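Start at 1 and go down the list; that is how both ligands and their atoms are numbered. Given the structure is predicted, the values throughout are model-derived calculations rather than measurements.
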Amino acid sequence: MAKKYVYSFGGGKADGNESMKNLLGGKGANLAEMAGHKDLKLPVPPGFTLTTDVCVYYYSNKRSYPKELKEQVNKALLSVEKLMERKFGDPSNPLLVSVRSGARKSMPGMMETVLNVGLTEKTIPGLIKQAGGNERFVYDAYRRLIMMYSDVVMEKAAGIEPKEDMGIRKQLERIMDESKHKRGSKADTDLTAEDLKDICKKFKIRIKEVLGKEFPDEPMQQLWGGIGAVFASWNGKRAISYRRIEGIPDEWGTAVNVQTMVFGNMGNDSATGVAFTRNPGNGDPHFYGEYLINAQGEDVVAGIRTPAPINTFSQSTHNKELVTLEKAMPKIYKELFAIQERLERHYHDMQDIEFTIEKGRLFMLQCRVGKRNGPAAVRMCMDMIKEKLIKKEEAVLRVTPSQLDELLHPIIDPKFEASNKPFAKGLPAGPGGASGQIVFTAADAVAWAKEGKKVILVREETNPEDVEGMRAAQAILTARGGMTSHAALVARGWGKCCIVGCSAIHVDLAGRKMNIDGKTLKEGDWITLNGTKGNAYEGQLPMMDATKENSMLMDFLKICGTIKKLGIRTNADTPEDASKARQFGAEGIGLFRTEHMFYGKGSDEPLFLLRKMIISNTLDERKKAIEGLFPYVKKDIKGTIAAMDGFPVVIRLLDPPLHEFVPREQEKLEQLAKELNINMEELTRRANNLHESNPMMGHRGVRLGVTYPEVSAMQIRAIFEASAELIKEGKKPYPEIMVPVVCDVKELEDHLVIAKQIYAEVLAKYGIKTIKHMFGTMIEIPRATLVADKIATVAQFFSFGTNDLTQMGFGFSRDDIGGFLPEYLKKGILPEDPFQSIDQEGIGELIKIGIERGRKGRKGLEVGICGEHGGDPRSVEFCHNVGMDYVSCSPFRVPIAKLAAAQAVLKNKKNKNIKKKK
Ligand code: PEP
Ligand code: MG
């Protein structure tokens, strides 16, 4: 039997179905399903689909068709004619068709379409009859066909590349403008049938002049011209570049859909509209949509007339005066309502549908899974579980991590964002949206905020001394820095909107202004940031609160919790952050960065003591400073362990290079010199001694403890004493002591001696037998992954510090990557920022080696991750796949990590099932 290249649909039947997307394209498969599935059999205008195989044949055979095609098209056309009781090319009762593309994956607007095919001088009278004598409508349809056909088929598909502004469409538009001008009118709708008749004549003359060929006034020639043009548009420039961006293979090809034309602009008993089976803006379980009487689909999209609501649920302030479809055409509305119910039940998901009413008859033109925002996505899933439309596993797979993120922060109202152009772009470091007045120093941020102003702190880059200003600001924008720079880390921890590495910005701190490509923005000017996308806008754009649906969010997260296998912990340094994370369901702390207690509110005293410790020259001096510091460290640790009662808390010993803590302000320096009883010269000398060429690879982490054991000892004592006190208070502390920047087991052995001694001392002091705890390490130096088996003989747990592991694995400075990353991404040298999502090919291999060797060294070794990647959905999936026990991320990313962990389990199951079937 000859190969089947053409699939018919319509009249309650279809050759294909929804599962045949590869062959029929998305649009063709959905039309077949709507038309032919036994539960649907919807009024779809009949038609047929030329398969993607035809496209593949076309390109591998010098743009020719398989020999069977013509006969199959003729047969399919005949059955459409029978169903419609009209004939293609018939002067008295003509059938008109549309010719549209339809690839496997939607490529919106990238390929061509020709409408009204089959309309010729000869068939015009027949169409006028069908349109109840409406001549204007028919000549308008004819001029649209001539315009589209000459542009798409005769020019573009023929490979003609006219000079700017000289394309045939542009030339024909100018003819139309002249006619309108003559009439003194502005809109197309002012043109009469006679005007349009005249325009069509002029169009044909101009086409002959410009393209050297007659417009084909013959139906079959038009049809095959249209089909050829759609196939040719698969290799048009737009389509090719879209495929490159979306990763759609060239060899897929497109299908072509030939379908009966139905008209929503045949008079006041005709209409066209777009609707959703539920509200895509908030998830309300009500039919929702808009329509226009006497209009074509493109009029709804073009926004020239305000569409009317289909029912009361679709009313808003700007359309509530207009008559609903329910009132205007009650019978049709009832039919449409029943259809949308069936569609949703059939597809088990919210559908986006397009419909047309032609002279009182309803037609369904398209249906597909509807796009929705975050709150709507969660709401629909929870409702659909209750309605028994979907299972909880399906619900979890349906919400994307970025949709969930929308529920956690205010966002810029998408309606307004779409019509604004960003003045600069940077890296999306902290999610959500915010607007405020520009300030350039942390002190100004604090002062202005105190006056009740909303500010955005703009800095070249931030440092720990800016923390108070960052806290006071609505959002932070920096010109330098990467995704793990100081600003990014801090902002993300607070769930605050932040953009970093915005290299187009040049901050002029002294002049209190910034320049961006010739534009100047001054202190006090309003700007708005979208930290989820990394876009900065001028002015104050309206915000939308997406956080209302919180009880729904909590229920949804509970479901994720029943599916996921990975533990979800949080990176938190204060009792408040710990409590926030607990609310979101964090199961412990994966990283408590001790040094953060020296920044921000209430840090003056401990920071001063820490500075004293750093600048101390003798053991005695240092010990005194440490003694003063001890109660502060213990208090912070105790508060945080208490907030996480019963759950593990990983406390990391002091990590950053010490010179970061040396004050910069003269007044603070003088105070320090006085306290230490030394002069300024001596202080400067000691401070200079701390300076390092490569501080990230310098005297930090465990190296501090090796040189100053008393510093580690103080912290370990604080951890054990805080825990002992909590035990006495009836709590269940579970600290995990974590040593950072380790590259060899001997560093750990050195520290284990200290830990053991202090543990014994604390037990004796408090008269208790044991404190449940673990002693372990971060794995953040490449060498550590390679010698992980030895390290694990001492470490009871590993936590991958993927910020440093990425930095040292790539040799990219984590604070300076913003300088060259954009170029790397643009040139495709890197697929994405490796500080955002784990580079699975390289750094991921190191992690796998580390886990495998680590578990060889110690059976049952606990393994987690605490780098920023712990909150990135793709990295979470990777962590699940390589067998980690938990991921840890900032409190606001806990819900996202939870969802990603649940999705990882379900995706794995799906993949296994597919493999089994094969
Ligand atoms: C890391 O390196 O991944 C990490 C968590 O530590 P920090 O970011 O504090 O260096
Ligand atoms: Mg680190």
Taking the basic N atoms (NZ, or NE/NH1/NH2) and the acidic carboxylate oxygens, is any pair closer than 4.0 Å for [X] and [Y]?
X    : Y    : answer
E725 : K634 : yes
E749 : K746 : no
R874 : E877 : no
D804 : R814 : yes
E862 : R855 : no

State yes or no: are the ring centers of [X] and [Y] separated by less than 6.0 Å?
X    : Y    : answer
F835 : F812 : no
H869 : F800 : no
H773 : Y759 : yes

Worksheet item: Judged by modelled atom types alone, do S837 and D872 share a side-chain donor-acceptor pair under 3.5 Å?
Response: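 Yes, side-chain donor-acceptor contact under 3.5 Å.
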Below a 4.0 angstrom heavy-atom separation, can you tell me which part of [X], side chain or backbone, both or neither, approaches ligand 1?
X    : result
H596 : neither
T802 : backbone
M778 : side chain
M696 : neither

Worksheet item: For D655, which of R593, R700, R703 qualifies under side-chain hydrogen bond (donor to acceptor under 3.5 Å, both in side chains)?
Response: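 Only match with D655 under side-chain hydrogen bond (donor to acceptor under 3.5 Å, both in side chains): R700.
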Min N/O separation [X] to ligand 1 under 3.5 Å:
X    : answer
F800 : no
E595 : no
N803 : yes

Fill in: Test item: M884 and I865 side chains (from C-beta on) under 4.5 Å apart, heavy atoms
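Yes, close enough: below the 4.5 Å cut-off.
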Fill in: Residue and atom names of protein N/O/S atoms that fall under 2.8 Å from the Mg ion (ligand 2)
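Near the Mg ion (ligand 2), below 2.8 Å, one finds E780 OE1, D804 OD2.
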Give the atom numbers and elements of ligand 1 that come within less than 4.0 Å of a heavy atom of [X].
X    : answer
R652 : 4 (C), 6 (O), 7 (P), 9 (O)
C866 : 5 (C)
R814 : 2 (O), 7 (P), 8 (O), 10 (O)
R700 : 10 (O)
E780 : 1 (C), 2 (O), 6 (O)
L591 : 5 (C)
G801 : 1 (C), 2 (O), 3 (O)

Worksheet item: Would you call H869 a ligand 1 contact, heavy-atom distance under 4.0 Å?
Response: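 The answer is no, since H869 has no heavy atom less than 4.0 Å from ligand 1.
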Fill in: Q807 heavy atom under 4.0 Å from ligand 1
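No heavy atom of Q807 comes that close to ligand 1.
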Worksheet item: Should the pair F892 and H409 be assigned to parallel (<30°), tilted (30 to 60°) or perpendicular (>60°) ring geometry?
Response: tilted
Practice prompt. Enter the distance from L591:CG to S799:OG here, rounded to the nearest 0.5 Å.
Written response: 7.0 Å
Discussion item. A cation-pi test, strictly: NZ or CZ of R569 under 6.0 Å from the centre of the six-membered ring of Y886 and no more than 45 degrees from its axis. Yes or no?
Written reply: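 Because its charged atom sits under 6.0 Å from the ring centre and within 45° of the axis, R569 does stack over Y886.
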